Amino acid sequence: QVQLVESGGGLVHAGSSLRLSCVVSGSSPDSFGIGWFRRASGKEREGVSCINPNDGTAYYADSAKGRFTISRDDAKNMVYLQMNSLKPEDTGVYYCAAERLSCGRTWSRGLRMEYWGQGTQVTVSS
């Protein structure tokens, strides 16, 4: 079992930055790929970024490339999502999730994510 708890969301203006944090605890959390997903009101869930264990290989959705940076600190059981140059369309509930062993080729669909956090709200005003 793995537990994930997100924090760091809030209400910010467009152009601002936020750093989301995900505490990963339980059985061998450092053996999971950790992804960030978001769901905007009335829209499908979207994969934002994912990071592998061990080598830290990171993957990004096109919407996140160049603005968001994912990182992990396995010594602290933490995964971060640094979000810069935020836009109103980044608004949504952000979830972290765990996929056993690594971020698979289809990580962004979230179908292989076994464990999910409860989410943290990010609201970007124009």
Side-chain angles (χ1 to χ4, degrees):
Q1 283 277 3
V2 173
Q3 294 81 43
L4 304 104
V5 179
E6 306 92 339
S7 63
L11 170 62
V12 297
H13 292 294
S16 299
S17 298
L18 277 176
R19 187 176 81 156
L20 304 184
S21 298
C22 175
V23 180
V24 187
S25 61
S27 177
S28 301
D30 57 351
S31 64
F32 285 78
I34 304 297
W36 283 98
F37 296 79
R38 66 187 181 194
R39 186 189 296 274
S41 180
K43 294 188 177 181
E44 299 267 326
R45 183 182 64 201
E46 175 188 13
V48 177
S49 185
C50 195
I51 186 166
N52 279 346
N54 302 316
D55 65 3
T57 300
Y59 305 90
Y60 296 94
D62 287 343
S63 59
K65 287 178 183 175
R67 298 188 301 127
F68 295 2
T69 302
I70 191 171
S71 61
R72 65 190 293 161
D73 184 341
D74 287 331
K76 297 181 179 179
N77 291 338
M78 297 292 295
V79 177
Y80 305 100
L81 185 68
Q82 177 68 42
M83 305 188 295
N84 299 328
S85 302
L86 283 162
K87 305 174 182 179
E89 50 263 45
D90 294 318
T91 294
V93 179
Y94 283 70
Y95 303 88
C96 57
E99 179 172 344
R100 197 171 297 273
L101 297 180
S102 68
C103 305
R105 288 187 299 110
T106 60
W107 69 266
S108 63
R109 297 173 64 189
L111 299 179
R112 293 174 59 87
M113 297 289 170
E114 293 185 41
Y115 304 100
W116 293 81
Q118 294 299 306
T120 185
Q121 175 71 44
V122 172
T123 304
V124 185
S125 63
S126 58

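Count residues from 1 along the sequence. Since we're looking at a predicted model, the values are computed, not measured.
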Output the distance between atom [atom1] ([X]) and atom [atom2] ([Y]), rounded to the nearest 0.5 Å.
| X | Y | atom1 | atom2 | value |
| --- | --- | --- | --- | --- |
| N52 | E99 | CG | CD | 8.5 Å |
| T106 | R112 | OG1 | CZ | 6.5 Å |
| L18 | T120 | CG | OG1 | 8.5 Å |

Output all residues satisfying side chain to side chain contact (heavy atoms under 4.5 Å, CB included) with [X], sequence neighbours left out; order by chain, then residue number.
| X | value |
| --- | --- |
| N84 | S17, Q82 |
| V93 | Y95, Q121 |
| D30 | S28, D74 |
| E114 | R100 |

Item to complete: Please list all pairs passing the ring-ring contact (aromatic ring centres under 6.0 Å, His included) test where one or both residues lie in residues 36-55, with sequence neighbours left out.
Response: F37-W116
Practice prompt. Kindly state each residue pair satisfying disulfide (SG to SG under 2.5 Å) with at least one member in residues 62-98, sequence neighbours excluded.
Written response: C22-C96
Name all residues meeting the side chain to side chain donor-acceptor pair (under 3.5 Å) criterion together with [X]; count only those two or more places apart in sequence or in a different chain, and write none if there are none.
| X | result |
| --- | --- |
| D55 | T57 |
| S125 | H13 |
| K76 | none |

Response to the item:
Under a side-chain separation threshold of 4.5 Å, the hydrophobic residues clustered together with V23 are M78, Y80
Fill in: Chi angles and distances behind the side chain to side chain contact (heavy atoms under 4.5 Å, CB included) call for V24, R72
CA-CA 10 Å; V24 187; R72 65 190 293 161; over 6 Å; no
Discussion item. Hydrophobic clustering (ILVMFWY, side-chain heavy atoms < 4.5 Å, transitive) - are F68 and W107 grouped together?
Written reply: no
Item to complete: Treating Ile, Leu, Val, Met, Phe, Trp and Tyr as nodes and any side-chain heavy-atom pair under 4.5 angstrom as an edge, say whether L4 and L81 lie in one connected cluster.
Response: yes
Worksheet item: With a 4.5 Å limit on heavy-atom distance, are the side chains of P53 and S31 in contact?
Response: no
Worksheet entry | Side-chain heavy-atom pair D90, R67 within 4.5 angstrom cut-off | yes
Item to complete: Return the set of residues passing ring-ring contact (aromatic ring centres under 6.0 Å, His included) with Y94 (not counting sequence neighbours), or none when no residue passes.
Response: none
Response to the item:
The single option from T123, V124, T91 that satisfies side chain to side chain contact (heavy atoms under 4.5 Å, CB included) with V12 is V124
Discussion item. When you measure from the side chain of E6 to the backbone of Q118, do you find a donor-acceptor pair of N or O atoms at a distance under 3.5 Å?
Written reply: yes
Practice prompt. Indicate the atoms forming the closest heavy-atom contact of A58 with I70, along with that distance.
Written response: CB-CG2, 3.6 Å
Item to complete: May I ask you to say whether K65 pairs ionically with D62, meaning some side-chain N is under 4.0 Å from a carboxylate O?
Response: yes
List the atom pairs, with distances to 0.1 Å, where a side-chain N or O of residues 42-50 and a protein N or O form a donor-acceptor pair under 3.5 Å, not counting sequence neighbours.
{"residue": "R45", "atom": "NH2", "partner": "R109", "partner atom": "O", "Å": "3.0"}
{"residue": "E46", "atom": "OE1", "partner": "R38", "partner atom": "NE", "Å": "2.8"}
{"residue": "E46", "atom": "OE1", "partner": "R38", "partner atom": "NH2", "Å": "3.2"}
{"residue": "E46", "atom": "OE2", "partner": "S63", "partner atom": "OG", "Å": "3.0"}
{"residue": "S49", "atom": "OG", "partner": "Y59", "partner atom": "O", "Å": "2.8"}

